[in-house]
Amino acid sequence: MKRAERFSIANPHVQAFRAAHPNYQPGALSSAQGRRIRAVSHPCLPPLARIRNRLMCADTPDLTTTDKTEPEYKDTLFLPRTGFPMRAGLPQREPGWLERWERIGVYDRLREKTGRAPFILHDGPPYANGHLHIGHALNKTIKDMVVRSHQMMGHDARYVPGWDCHGLPIEWKIEEQYRAKGLDKDAVDTIAFRQECRRFAEEWVGIQREEFKRLGVIGAWENPYLTMAFHAEAVIADEFMKFLMNGALYRGSKPVMWSPVEKTALAEAEVEYHDHTSHTIWVPFAVVSASDFENNGACLGADLLSARVVIWTTTPWTIPQNRAVAFSETIAYALYCVTETAENSAAKPGETVILAEKLADEVFRAAKVTGYDKLRSVSPDELRALTLAHPFRGIEGGSGEWDYDVPMLPGEHVTDDAGTGFVHTAPSHGDDDYQLGLKFGLPMTYNVEPDGTYRADLPLLGGQAIILPNGKEGPANVSVIKALAATGTLFAKGKVKHSYPHSWRSKAPLIFRNTPQWFAAIDRPLDDGLDAHGATIRERALASIDELVKFTPVSGQNRLRSMMQTRPDWVLSRQRAWGVPLTCFVRKGAKPEDVDFLLRDEQVNARIVRAFEAEGADVWYRPGFKGEILAGLHDPEAYEQIFDVLDVWFDSGSTHAFVLRDRADGVPDGIADVYLEGTDQHRGWFHSSMLQGCGTMGRAPYRNVVTHGFTLDEKGMKMSKSLGNTVVPAEVIKQYGADILRLWVAQADYSVDQRIGPEILKGTADSYRRLRNTLRFLLGSLADFDESERVPAAEMPELERFILHRLAELDGIVRDGYARFDFQHVFQQLFQFCTVDLSSLYFDIRKDSLYCDAATDPRRRAARTVMDLLFHRLVTWLAPILPFTMEEVWLDRFPSENGSVHLEDFPRAEGAWFDPELALRWETIRRVRRVVTGALEVERREKRIGASLDAAPTVYVAEPETAALLASVPFDEICITSGLAVETGAAPDGAFALDDTPGVAVVPRLAPGGKCARCWRILPDVGTHAHAATCARCDEALG
RNA sequence: GGGCUUGUAGCUCAGGUGGUUAGAGCGCUACACUGAUAAUGUAGAGGUCCGUGGUUCGAGUCCACGCAGGCCCA
């Protein structure tokens, strides 16, 4: 474009402006509001009125007509020109960019870039059930920022999203549907049931996929991984069989949280605690004998033989399963004699009982005992010596079922906080009980059926239900209580309201029930030759935690370690239908401890895997499948097929195998660079993946564990529907757009719990607007930028070189921050750069040059060069955080059919720009500038000036070096004044100064001369040029 | 009840090894500009650093005990 054209009325800038402002009348804008003439009170200032009058003369011609005597210079300026809207309209516009990315295939095109080191963030699979909540959005957004930033830093950052598809919640949904139709789950074919579960999961995968994509998350959405894919099911089974072959797998028996209503065991995560009113009973156990204690140096009083030991329990139905009474070696016990009772007391005067001293009062009160004597203390050694009778011993109709001895056993879990100080122990119905049973070899009982009824052949109580199918209490408790009362073994009874486990689905109460389970041994040396980091799963896990994995934040290391140090064996089996079966066979008639109990045959395993690959895990349930698999190898009749399914944590713990190891977009060693999940996953996916990896690969399947906290409401309280303080991602997107939600993520410290709410989101949107306007100004200022305008850095003014220095500095900050997954720091630095260095300093100063300088002016060319560099960096640096907006900005400048900022890398760092000495000089310059602006602010408040261009202050500087520094730069330009004098030496009295900037003082003055009608600077030479109302620079620019 | 963890301006966050009047940005208020204009600039107000004890010449920073949250267990 020729120079003359730029300034003619045919100037495209002008045309564009006219088009955008059809009602615009030249001159009307500046005159409509009128210019106030202000009184001038400062004695050393020239009369402002004179200047104003002159201005008025210039402005005064008939304003109602376009027939002016003076040109409208606005049309000759390079004002920012852009169609980039100030208001984003993200909710409406974001889907358009999503479509574009899909159309131009951004993810696939990034994969085509060659020569890049892979960077693998392995996705922890969300459960395919329900719409996304804020936690999902947070998690996927952080992941996306990690993936995008590493891609743009030069990696091949692939991201394969996944879903966890098996498990109870889906199973339950299908069961619910069955119930609604009046069907019984048990009457339905397992394969048909599983297929319904599969369809359910598929549907939610589809829904969640769209919801995740809407957040702007880039990844292999068309080819995600699902734990229910046939290959995945085959691999999960194969991985399980590694545990079968390496010796970790064993069958044990364990009381588990059991839902009689759902006839299934529940994982801990599936249990919720609600208040529940239970029967409480105090049951005296008679002493039947005592071992000889003289050898122990203790003396057993004969008085104990006639006494009874009282236990307390809230689960009367467990009494028939009692096998021991536990006591503590650290509690003080005593022998008491009942002397007086209330009318309706079950206790009788004269009877003697043993109780914890601290609890005796309470117990007697409950038993309505009105008088009692403490006879003497009872020592732990005495207690240990006692053998008790089951309260049902000799009961009529009991057929001798309960005629066994009940030992007294010491237990660390016994306290005297509540109860009697003695703990009724039923190893099949409680965890402490089970542990005590393991330690002392107590027999397990099998009295309770899956539906919560006593086994039919249990004397007296057979078939009675503990919990009814509708979740209400059955008759079992009351029957037991009656039987106790009838046999004189009920000391007291009552009711208590307490926190009790319930099913998270059916909300029905749970019981602890002994069930056969499959375990992975954590401390058994494995026979797999993968001992580089230890022989057992626990050793390998601890070694991984300490040596192989980096934790962000570091506290995760302790957290995972302490869990690994103390965790028991892994219970792999669940009594469910929707999952990958434990693909193994046990020899009929063999006991778990027999060497040939489990069928261990690689050929069998291979057949299973092949079948699963072809048809999925459903084949396991096909009639005759056992025969097919064992045919020609083993006698199918000699083996029993296992129909438990694997803990879903085993599924997700195995994802590294079927995603990282097996997929073309995986990695050769099958180890991920990053696992990134919420802090709850220390107990979950990090944990199960660690156990699984240590059992199958000998180490953790990851190198980095990054955790984020939970999202709370604005007050820091947990979100809950009942409190009405939830924030749903879909609604945030609808109101503000995904980029605002992403910005919220970037502004928060995700390593701890974050808060979100209306006020916080509003603040986030405010920040966004500020940033958006900075970019808009860049776009406007770069209109028609041409490569030929570029100026080498060395030829640029100091101000430009300072900005370049900041860019060099930021390059390091941004790359380092992204490498550390610290988006908050990256964003904070970039945002503050935009506001502090750009908007309020650089842009403000350079507006004059950008608007008014001739196109060829080196100053303007340097500014535009820097702005172009700024543009490339800011837009790419922010792209991982604000992918939609940065795409909009990028395309506004570089419109194209198939381009995208997300195909770019961060521009290479320019080391030569880094100039700390210059930065130091600018620190001083800016400090002095603050004094100048401060001084002008006083003038403005006193109505002596309006714009800073009205002034031409004098700056008094004590230090000559500082004066020299200021003289070396166009300090008037930097302060946006029409003139400025720097004086060395003492300032006159009354000069403006700031406490924190000693040695600098400013005396404000009105700029002498006339106001250039084009650039608005007030200069003495205005009026002496061809264009009468302009200054020399503008006169020349006008040509 | 146990393990881990958080608490600095209205909001989001900085504040190595304890050391002068606790910082930034946003928001707010006022002023200015009206050629970034539902924008921009300048200035200002705003903090019992969760509380209480303690160590110390000196504590937001160290210790103890609490309070209020959060995650995971019991």
Next item on the list: Answer with base, sugar-phosphate or nothing: what part of the nucleic acid does A:E937 contact at a heavy-atom distance below 4.0 Å?
Entry: base

Checklist line | Toward the 5' end of RNA chain B, by each residue's nearest nucleotide, A:M717 or A:M563 | finding: A:M717

Note to self: Less than 4.0 angstrom between a side-chain N/O of A:T679 and OP1 or OP2 of B:C72, yes or no?
What the structure shows: no

Margin query: Whether A:R776 contacts B:U37 is assessed here as follows: a side-chain N or O lying under 4.0 Å from the phosphate OP1 or OP2. Is that the case?
Written below: yes

Checklist line | Proximal nucleotide (of B:G10, B:A24, B:C73) relative to the A:R683 side chain | finding: B:C73

Notebook entry, point to check: Taking atom C1' in both B:C72 and B:A14, what distance in whole Å separates the two?
Noted result: 30 Å

Note to self: For B:G35, is there a stacking contact with A:W1016, counting only centres under 5.5 Å and planes under 30°?
What the structure shows: yes

Checklist line | A:D972: side-chain contact (heavy atoms from CB on, under 4.5 Å) partners, not counting sequence neighbours | finding: A:P970, A:T977, A:L980, A:R1017

Notebook entry, point to check: Who does B:C71 pair with, Watson-Crick or G-U, both distances under 3.5 Å?
Noted result: B:G3

Margin query: So A:D749, base contact, sugar-phosphate only, or nothing? Heavy-atom distance under 4.0 Å.
Written below: sugar-phosphate

Check: Whole-Å distance between B:A32 P and A:E942 CD?
Finding: 12 Å

Next item on the list: Give a yes/no on whether any side-chain N or O of A:R940 is located under 4.0 angstrom from OP1 or OP2 of B:C31.
Entry: no

Notebook entry, point to check: Within the pair A:Y851 and B:A36, is there a side-chain N or O less than 4.0 Å away from OP1 or OP2?
Noted result: yes

Notebook entry, point to check: Taking the nucleotide of RNA chain B with the closest heavy atom to each, which residue, A:K715 or A:D766, is nearer the 5' end?
Noted result: A:D766

Notebook entry, point to check: Centroid-to-centroid, A:W258 to A:F512, below 6.0 Å?
Noted result: no

Notebook entry, point to check: So, is A:K762 close to the B:C26 phosphate, meaning a side-chain N or O under 4.0 Å from OP1 or OP2?
Noted result: no

Checklist line | Nearest-Å distance once atom P is located in both B:U21 and B:C63 | finding: 24 Å

Note to self: Taking only side-chain N and O atoms of A:R770, does any of them lie within less than 4.0 angstrom of OP1 or OP2 on B:G41?
What the structure shows: yes

Item checked: Spacing of the P atoms in B:C26 and B:A39 (rounded, Å) -> 13 Å

Notebook entry, point to check: B:G41, B:A36, B:G27: which one has an atom nearest the side-chain heavy atoms of A:D844?
Noted result: B:G41

Check: Below 3.5 Å, does any donor atom in the side chain of A:S839 face an acceptor in the base of B:A36, or the other way round?
Finding: yes

Check: Which nucleotide in the list B:G70, B:U40, B:U42 gets nearest to the side chain of A:K847?
Finding: B:U40

Check: Heavy atoms under 4.0 Å, any strand shown: does A:V938 hit a base, just sugar-phosphate, or nothing?
Finding: nothing

Check: Does B:A43 have OP1 or OP2 sitting under 4.0 Å from an N or O in the side chain of A:T933?
Finding: yes

Next item on the list: Decide whether a cation-pi geometry holds between A:R806 and A:F833; the criteria are a distance under 6.0 Å from NZ or CZ to the six-membered ring centre and an angle within 45° of the ring axis.
Entry: no

Margin query: Under 4.0 Å, counting only non-hydrogen atoms across every strand here, what does A:G716 touch: a base, just sugar-phosphate, or nothing?
Written below: sugar-phosphate

Note to self: Ignoring hydrogens, what is the shortest heavy-atom contact between A:L878 and A:L830? Give both atom names and the distance.
What the structure shows: CD2-CD1, 3.6 Å

Next item on the list: Scan A:R559 against the nucleic acid and name what it touches under 4.0 Å (heavy atoms): base, sugar-phosphate only, or nothing.
Entry: base

Item checked: Base-pairing mate for B:U42 - Watson-Crick or G-U, with both contacts under 3.5 Å -> B:A30

Check: C1' atom, B:A68 versus B:G25: distance in rounded Å?
Finding: 28 Å

Note to self: If I pick the C1' atom on B:A38 and the same atom on B:U48, what distance separates them, to the nearest angstrom?
What the structure shows: 40 Å

Notebook entry, point to check: When the C1' atoms of B:G7 and B:G47 are considered, how many whole Å apart are they?
Noted result: 15 Å

Notebook entry, point to check: Does OP1 or OP2 of B:A14 have a side-chain N or O of A:Q824 closer than 4.0 Å?
Noted result: yes

Margin query: For A:F827 and A:F831, I'd like to know if the aromatic rings sit close, meaning centre-to-centre distance below 6.0 Å.
Written below: yes

Note to self: What is the separation between atom CZ on A:R930 and atom C1' on B:G41, rounded to the nearest whole Å?
What the structure shows: 15 Å

Next item on the list: Could you tell me which nucleotide pairs with B:G25 by Watson-Crick or G-U wobble geometry, both distances under 3.5 Å, or answer none if nothing does?
Entry: B:C11

Next item on the list: Look at the side chain of A:Q828 and decide which nucleotide, out of B:A24, B:G25, B:U42, has an atom nearest to it.
Entry: B:A24

Note to self: Let's see if you can work this out: which of B:C26, B:A36, B:G35 has an atom nearest to the side-chain heavy atoms of A:L77?
What the structure shows: B:G35

Next item on the list: Between B:A64 and B:U55, how far apart are the C1' atoms? Round to whole Å, please.
Entry: 11 Å

Notebook entry, point to check: On a whole-Å scale, what distance lies between the P atoms belonging to B:G60 and B:U52?
Noted result: 12 Å

Margin query: Need one value for A:R87: base, sugar-phosphate or nothing, where a base atom within 4.0 Å counts as base even if backbone is also close, heavy atoms only.
Written below: base

Check: A:C1015 near the nucleic acid: base, sugar-phosphate alone, or nothing, with a heavy-atom cut-off under 4.0 Å?
Finding: base

Next item on the list: Respond yes when some side-chain nitrogen or oxygen of A:K718 is under 4.0 Å from OP1 or OP2 of B:G70, and no when none is.
Entry: no

Next item on the list: Look at A:R930 together with A:D996 and state whether they make a salt bridge at an N to O cut-off of under 4.0 Å.
Entry: yes

Checklist line | Test: A:R944 and A:D950 ion pair at under 4.0 Å | finding: no

Next item on the list: Assert yes or no for the condition that the ring centre distance of A:Y851 to A:F78 is strictly below 6.0 Å.
Entry: no

Note to self: What's the closest nucleotide to the side chain of A:R769 if the choices are B:A39, B:A36, B:A24?
What the structure shows: B:A39

